[in-house]
Structure formats: C-alpha cells, structure tokens
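Reading through the structure tokens given below for one structure.
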Amino acid sequence: MVQTLDTQPTQSNDTPRPSRIAETFARLKAEGRTAVLPYLTVGYPDLETTLAGVPAIVRGGGDLIELGMAFSDPLADGVTVQKANQRALENGVNTGTTIAVARQLRAEGVEIPLIAMGYINPIMRYGIERFVADCAAAGIDGLIVPDLPPEESDELVETCRRHGRDFIMLLAPTSPERRIKEVVRRASGFIYCISLTGITGARAELQEGLADYLARIRRYTDLPLVVGFGISTAKHVAQVGELAEGAIVASALLNRLAEIEDAPLPDRIAAIETFVRGLRG
Amino acid sequence: MTPTGTTTDQDATANSAFRVPRSAFTSEPDVRGRFGEFGGKYAPETVMGALDELEAAYEEALKDPTFMAEFARLEAEYVGRPTPFYHAKALTKRIGGAQIYLKREDLAHTGSHKINNALGQGLLAARMGKKRIIAETGAGQHGVATATICAMLGLECIVYMGELDIARQAPNVARMRLLGAEVRPVSSGSRTLKDATNEAIRDWVTNVETTYYIIGSVVGMHPYPRMVRDFQVIIGKESREQSLHYLGALPDYVIACVGGGSNAIGIFHPFLGDGEVALIGVEAAGHGINSGQHAASLTAGQVGVLHGAKSYLLQDEHGQVQEAHSISAGLDYPGVGPEHSYLKDAGRAQYVSITDAEALEAFQLLCRTEGIIPALESAHALAYAAKLAAERPPEEIILVNLSGRGDKDMNTVMTALGME
C-alpha cells in the first residue's frame, strides 16, 4: 500500500534526522545567506513549465521551492495566484499531479527542499494520511496550508510528524501574542511570516513595521523566519534578509510568467532562471 | 393545547428516519465552533484574531440588556415584527389536503428575513466601533438588508456581488446603490454567490482592522453560523407562539428553503425540541439532481471545507468546488451552513429538493391563489409544501417560511415563462 512506498522509515524514539528543510537553513546560516523560496503553481501555464522550471529555479539560485496545488477557491490569494490556479485546473491538474511532479523532479536529481502549498479541501478529499504518506514517498519535505490555522491542524500536524514532514505554519501581523505562542509550538521547518495584512500579490513596497513584527515572533522561537506576500524584487529580498532567514517570491514570478505565457518553452524556462537569479541583486 | 404525542407521526413523511430522541434535541456549537463534526474555523491566520474578538464582542452583547433591548425595539419598530402567521386558505383549498400556513417574512422591511441578521450584526459592528461594513450577496436580499442597516446606522457599506447575479437581480442592485452602498462586481469563477463570498473574505483579510464583515447566511467560520442563526431564530420563536396562540397546536411540518440556510435554521431552531414537528429543508435541484446542474449540497454533496467551515459541499473527486445551479440566485451556492449538515446527519431535519420548473410553478400558484408574489427562493419551499399537502389529511398543519418577496425576480420569471 501507500505506506510501503515511504522511503524514509519512521524512527520512533531516536532523535529524528533533521529534515531537508532544517539542513538547508542550517547551511545557509553558516554561509550567511538569505534563503530565496520561489513559488510555482503546478501546471501553470502548463506542466512542462513546472517540470523544467524547478531545475531552472535551482540554477538561478533558489534555495527551496514551493509547489502550489491549484484550488477552485483560493481565498487567501490575490488575482495573480487565482488566475494561475484557474489555468492549472483547466489543464487538468489535481492534487496527485503535484505528488507526481515531485517524484519526477527527485528522479531527475533535484535535491533542494520541495514544499507543497495548498488549501485544505483538496487535501481532505485526497485523504490526509494518504496525502502525507504520498508526499513523503515522493520527496516533498513540507506542507503549507493557508486555511488551516492551529485550531484545525491537529490531524495534519500529527500525520506530518509521523511521516517526518515539516508542517509549516503561518503568522500574520495581526496575530496576537497568544496565537504566536500557539503557532510556534506546533510549527516545524520554518515559520511563514505573512508580511502584510492582506492577500498574496506583488507590491511596490514592503509594509512598515516588519522589523517589530518579526522581533515579536523571534521572542518565542528559534525556527527560521521566512517572509512572504508582496516580496517582488531583489531590493525586497535584501530588506527581508536584514530581518529574516528567507523570502518567498510568488506573485512576482507568476506575473513574469504571465507576460511570456505564449513564448516557446525554452524562453519561459530561461526567463524563470533569469528572474530568480535577479532576486539576489 | 400543545400536542404531546411523539409516536403519532412515524408515517409523517415517507422517508423520515429520526434517530434522535426528539423531545430533548438541541443544537449548539462546542468550544471549537463545531456542530458535531461540522463547522470550525478554517480561516487564514490574518483574520483569526479578529474572529476571536468578534466572538468575545458577541458574547458581551448577548449579556448586555441595552443591546438586546435595542435589537428588539428595532425589530418591532423598524423591521415591522412580528411578521404575520397567515392561513393560506385559497392555496389550501386549491391543493385539497393539509392546511398551509405562511410565515410572512416577505413582509419584513426590505422584503425578506435577511434584515434580522443585518440588523443584529450591524448593531454589533457599531458597538465594536467598526465604521466600514462589507457583505456578499447572491439574490441581493442580504445586500439590500445590509445597505439599509448601514444607511440607518451611518456606516460605510460595500457589497460584493457576482456579475451573473448583478444581471439577474437588477432591481436589488439599484436599491443598494440608492441606499448609498457600493456594489462591487465579482468576475471570478462562477460569478455568483460563492465567488462574491471569496471576494468579501479577501477584502476582510486585507482590511480586517477597520472592517466588519456581515456574512448573510449561517455559513462561514465560527462564530458566524451561530451568530447569524441567533439573529434569525426570532422567525421560529414567533411562529411557535403564533401557532400555539391561533391554532392551539404546533405545526406538523415546518418547511423552508435552504441555500446557505439562514431562514431555515431561523424557523427550525425553536422547534428542535418539539419532537412531533417534522422539519424539512428544501434545496434547489436546478435542472434536476441527475443533470449535475443543481445546488443541493445536502442531498448530493460530500463533506468538505468551503468558506471556513466543514459542511456538505458540491465538489468533484479532487476536492475542487463545483459550480452550483439554480434559477434562484439566493440558493445558487455549492455549500450549506454546518448546522444543517449536523441536523441532517442527526436525523432531526430532512432535506429534499425542488427543480427550477417546480419552483416556477409554485411561484405562479401562490401569485394566482393568494395574491402573494414569493421570492424564487421561497417558491422552492412552497413547491414542496404543495406536494406534501396534497398527500396529507386536512387536519394536519404545514407551516412554510415565506422568506422573501419576489419583486426582485420579475426579469428571471418573465424570461423563464416567455412573458417578456
């Protein structure tokens, strides 16, 4: 069954081997670098772009990759991600596609951490146990579920722990202290710090007060802090790098892809690599 | 007198299978905002703090006699409550079976039950010091009710409405604008209520510090399903008292349409402990359940998460939410309130469905027999009531929640009937 595909045997009481995500942040810290985490919606504008785009991101210097799993009603996302989700669904992509994509990327030698990001309903429909087991077998290292706050996360957190996957939780500028404590207690891998009060989407400037907000979180956790939402340019990445361990770049990369949707595949792939390299300034 | 027998109605409806001791039935969410397994708070972290705040503010308001007195005063003086409990004699005679009574929510200010909730939440928003109000709307009834309350309370009002609904409910769009609200068209997805709700949630996530989101039905994340219900139970409380007062008995059946389910939960709830009263929710079967083009989440959906709550949901095998279809914009929603899912699984309420064509027929029947133009939503409840009444003896009482009036539906009905 699904279990037998699990390539990482669960080590029950021994200290678990640090996850690929933890190892990556440890290495980057030693090198004094900020992690760059580009995001692609799996199947946008087509599946070939995802399969060839991930190695391009690696070549361009991306350190971890978020693989977005399309959903019909992505209510934490702005127009850019909504459109990418819609297009991916029209291309016939589903939850199983992301797992298959990860499996293929691993088979082709991609070694950086892969993180699946998606809403809870398709995951529930796939089956939580089956989903996490399949993620583990396919080499997906962590999960981000933007509509699953700590109140609803028990089952997924426990399942991820059992399969040695990181469950990455989100905090927002509006999260009060008691919620910060609750979130960091359950999180692993890193903390996804939403940069602004709002939905995803490229922005011209970073929100003010980021330093105070991150300092508030830092008081309660040693986990790496990664900032997402609105991070669009090399300048933003550098600004975030002063305060946090990593930056997620999603809508800006999707916008770049949208501009060249109809270009031949090699051009799209080259554009992804160039864009990601450009984020290092 | 109140009927006391609990075993006399086992044959009440062909497929009823009540498994719960009917006399002791209650339904309240637990501390996690769950009715059994349904409900919860599947929301982005950004609004989680605000949901806690809302819950606390609501609990405080409930305990504040001034707040409750103001709500009661405005329900009476502004909304026009209690709404009548009307014996539809001509309709009953035409059908020739059980007695049909109508709870006349269509006579409430703004023309539907939606005003009860908009008033309650509007007062709560004002109490919390929030000046900017957002809402989603399908048929436009909740949008109009919210715009109305915002005008009265001097609050800014923005209503999200799907482009398709804007086209088919033009009179309500005009009303909202006249009342000073901004109507923002939503062009994503199916361009109906589901997408308007997504967009309202996105607005709330972005402006949560200044904005109060008035959800229009018993859907969404906790505490909304409970709070909206609490503001709507006045329908059932009045109905129960009126029935006892005028008839000396409770109805045998209470029937209401179910989209998100606020008018249904409002009229059902006070009857939950009256085991002898059968509660029947009527969903929209659109072109027929087998056509796949319908909005019958409880009849044909599977459990999932939409708009922050776990409930029955129209979805495909991959968990993508499917587009609903109904001639009635207010029922055109692929989800349903979590408390209905609970009542269904507990066996305390049963859920049936009525097609577009059947609803249209009932719509005309009420117009011609009673001189009442019902909302297309309410016409679904009427259609089922008419079917049931024909099979039941004249001693039995069927109470239908006439949740709204049909002026808004003129274009849709004229087009459907080829009377343009």
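Quick note on labels: first sequence line is chain A, next is B, and so on, each numbered from 1.
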Residues B:Glu28 and B:Arg229 bridged, charged N to O under 4.0 Å =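 Between B:Arg229 and B:Glu28 there is a salt bridge, with a charged N closer than 4.0 Å to a carboxylate O.
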
Taking the six-membered ring of A:Phe167, is the NZ or CZ of A:Arg165 close enough (under 6.0 Å from the centre) and on axis enough (within 45°)?
->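 Not satisfied by the 6.0 Å and 45° rule.
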
By a 4.5 Å heavy-atom criterion (distance strictly below it), what part of [X] contacts chain B: side chain, backbone, both, or neither?
X: A:Pro74; answer: both
X: A:Thr95; answer: side chain
X: A:Gln86; answer: neither
X: A:Ile120; answer: side chain

Side chain to side chain donor-acceptor pair (under 3.5 Å) with B:Thr299: which of B:Lys344, B:His294, B:Glu283?
->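 Single side chain to side chain donor-acceptor pair (under 3.5 Å) partner of B:Thr299 among B:Lys344, B:His294, B:Glu283: B:Glu283.
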
Top contributor to chain A interface from B:Glu45, B:Arg32, B:Glu199 [non-hydrogen pairs under 4.5 Å] =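 Answer, by heavy-atom pair count under 4.5 Å with chain A: B:Glu45.
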
Most chain B-contacting option - heavy-atom pairs closer than 4.5 Å, from A:Ala76, A:Pro146, A:Gly96 =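 Heavy-atom pair counts peak at A:Pro146.
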
Output the option from A:Leu196, A:Asp77, A:Leu148 having the highest count of non-hydrogen pairs under 4.5 Å with chain B.
->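 Answer, by heavy-atom pair count under 4.5 Å with chain B: A:Asp77.
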
Parallel, tilted or perpendicular: rings of B:His340 and B:Tyr351 (30°, 60°) =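 Rings of B:Tyr351 and B:His340: perpendicular, over 60°.
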
Tell me whether the centres of the aromatic rings in A:Tyr119 and B:Tyr42 are closer together than 6.0 Å.
->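 Ring-ring flag for A:Tyr119/B:Tyr42: false, centres at least 6.0 Å apart.
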
